[in-house]
Amino acid sequence: MDDPAAPRFVDLLGRQAGVVGRRQLLGCGVTDHDIRRLQRRRLLTTVHPGVYVDHTGPLTWLQRAWAAVLACWPAALRGASARRAADGPGRSEADDGLPIEVAVGRERRVTAPAGVRLRRSSHLHDTVLWNTGPPRQRPEYAALELAASARRDVDAVAHLSDVLRARRTTPRRLATALASRPRHRRRHFLEQVITDLSHGTCSTLEHAYLVRVEQPHGLPVARRQFRESIKGTLYRDVCYVEYAAIVELDGRLHHTSTHDRDHDLERDLDAFATDRSTARLGWGQVFDRPCATAARIGAGLAARGWPGAVRRCPDCPPP
């Protein structure tokens, strides 16, 4: 900027993606008269009442986020907006135009400006990273908020797994954050998931296979954590011994290391060498599509001699 007032707040604009609030400008020594003059010269453009950006073109997502937080200040990004801000400038997705999600203190009386979705929080100051740009919910609280609003259980698990995989928080912090929210949706389920994630296991997934896939659909009773010693001692998650079929339950939602993937393939190859087939299932097959999964497991068992038939459960779609 070439305006004489610019040196007093140019650093602030640089740190806030070109967005600034009237309160901040006044704190830099810029007067209301200066602000009107900068607007006339099109060096500042109003985004929300009392919030300005240093150009006249379309806003980036980060500028919309800064503008939302400053318009509701003191405030912080929450939920999906907090997660997106944490992804940083390297995130490749274009701005979807959805409202910016912002949290403010529960005692506040503030009206959300256009394009902003507001939620009040009883513990705002304890759950926010105030030194980030813009301020945003701590990763564990943002992940739990997304898990609470997820349409499917598998999506709720993905939100927790993603934040841990990115090493933005820890299972301990997730558990502590969940404990502070006694009315959290899916609380009991997420407690189990966090415990499993902390131990690197998928026992919640194993239990879900039993109660969502096997039992409601009349599949034969499998042996669980079946011990065998082909190459040292190992345990199969689910083994239909009589029908030479194995079900391995993989609780990892996204990318695995080359070593882990190779280990899984070795286990499957060992099973094949003993004339047994392996079906490897994840959260989607067990939580999102249990009925379809049961039908396919049943068909595989029938091909191996199971005389029974898959039973329809109350959640099965019409034939």
Side-chain angles (χ1 to χ4, degrees), residues 12-24 46-54 58-151 155-156 158-170 173-174 176-178 180-181 184-185:
L12 185 62
L13 288 170
R15 287 187 282 111
Q16 296 181 176
V19 181
V20 66
R22 176 179 175 274
R23 173 189 55 83
Q24 295 176 310
T46 300
V47 181
H48 302 304
V51 179
Y52 314 96
V53 66
D54 64 354
L59 301 185
T60 66
W61 184 89
L62 183 58
Q63 289 172 331
R64 291 204 300 123
W66 266 114
V69 167
L70 293 175
C72 301
W73 189 261
L77 300 178
R78 67 173 181 86
S81 294
R83 181 184 63 184
R84 171 146 191 166
D87 288 343
R91 181 162 174 163
S92 60
E93 296 98 316
D95 186 357
D96 53 19
L98 293 176
I100 302 296
E101 299 181 38
V102 170
V104 298
R106 185 169 295 280
E107 73 286 354
R108 296 279 306 285
R109 292 185 178 181
V110 56
T111 301
V116 178
R117 184 177 296 145
L118 201 63
R119 178 172 294 178
R120 288 167 175 79
S121 170
S122 298
H123 307 285
L124 180 70
H125 290 279
D126 296 331
T127 61
V128 167
L129 295 170
W130 293 103
N131 61 335
T132 58
R136 60 178 180 264
Q137 273 184 323
R138 294 181 179 275
E140 53 271 18
Y141 289 96
L144 287 171
E145 187 163 317
L146 289 167
S149 60
R151 184 172 59 87
D155 295 328
H159 290 307
L160 302 190
S161 178
D162 284 348
V163 74
L164 291 175
R165 183 170 55 87
R167 298 187 177 183
R168 291 175 182 156
T169 190
T170 65
R173 289 177 181 172
L174 276 172
T176 300
L178 183 60
S180 70
R181 297 188 170 188
H184 194 282
R185 184 184 173 214

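One-based numbering along the sequence shown. A quick note: this is a predicted structure, and the numbers were derived from the prediction, not measured.
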Rounded to the nearest 0.5 Å, what separation is found between the CD atom of Glu145 and the NE2 atom of His184? 8.0 Å
State, yes or no, whether a side-chain contact exists between Pro134 and Trp73 at a heavy-atom distance under 4.5 Å. no
Side chains of Trp61 and Ile100, heavy atoms from C-beta outward: is any pair under 4.5 Å? yes
Search all heavy atoms of Ala142 against all heavy atoms of Gly79 and return the closest pair with its distance. CB-O, 4.0 Å
Any side-chain heavy atom of Leu77 within less than 4.5 Å of one from Thr132? no
State whether the side chain of Arg22 and the backbone N or O of Gly50 hold a donor-acceptor pair below 3.5 Å, judged by distance alone. no
Can you check whether Trp130 reaches His125 side chain to side chain, under 4.5 Å on heavy atoms? yes
Once you round to the nearest 0.5 Å, how far does CG of Leu146 lie from OH of Tyr141? 15.0 Å
Step by step, would you call Arg165 with Asp162 a salt bridge (Lys or Arg N to Asp or Glu O under 4.0 Å)? CA-CA 5 Å; Arg165 183 170 55 87; Asp162 284 348; 3.5 Å; yes
When you measure from the side chain of Arg83 to the backbone of Ala143, do you find a donor-acceptor pair of N or O atoms at a distance under 3.5 Å? no
Check for a donor-acceptor pair, side chain of Glu101 on one end and backbone N or O of Ser81 on the other, with a separation under 3.5 Å. no
Side-chain contact test, heavy atoms from C-beta onward, threshold under 4.5 Å: evaluate it for Leu144 versus Leu160 and give yes or no. yes
Compare all side-chain heavy atoms of Pro139 with those of Leu129 and state whether any distance is below 4.5 angstrom. yes
Just to verify, which of Thr127, Val163, Leu164, Leu174 counts as forming a side chain to side chain contact (heavy atoms under 4.5 Å, CB included) with Glu140? Leu174
Which heavy-atom pair separates Pro135 from Val69 by the least distance, and what is that distance? CD-CG1, 4.2 Å
When you measure from the side chain of Arg138 to the backbone of Thr169, do you find a donor-acceptor pair of N or O atoms at a distance under 3.5 Å? no
Quick one: does Arg78's side chain get under 4.5 Å of Arg117's, heavy atoms only? yes
Side chain to side chain contact (heavy atoms under 4.5 Å, CB included) between Thr60 and Asp95: does it pass, once the steps are laid out? CA-CA 7 Å; Thr60 66; Asp95 186 357; over 6 Å; no
Applying side chain to side chain contact (heavy atoms under 4.5 Å, CB included), run through Leu124 and Arg108 and close with a yes or a no. CA-CA 11 Å; Leu124 180 70; Arg108 296 279 306 285; over 6 Å; no
What's the shortest heavy-atom distance between Arg136 and Ala82, and which atoms? CD-O, 3.5 Å
Any sub-3.5 Å donor-acceptor pair from Arg185's side-chain atoms to Ala150's backbone N or O? yes
Taking C-beta and beyond as the side chain, do Leu70 and Gln24 meet within less than 4.5 Å on heavy atoms? yes
On a heavy-atom basis, which atom in Ser122 and which in Arg106 lie closest, and how many Å separate them? OG-NE, 2.6 Å
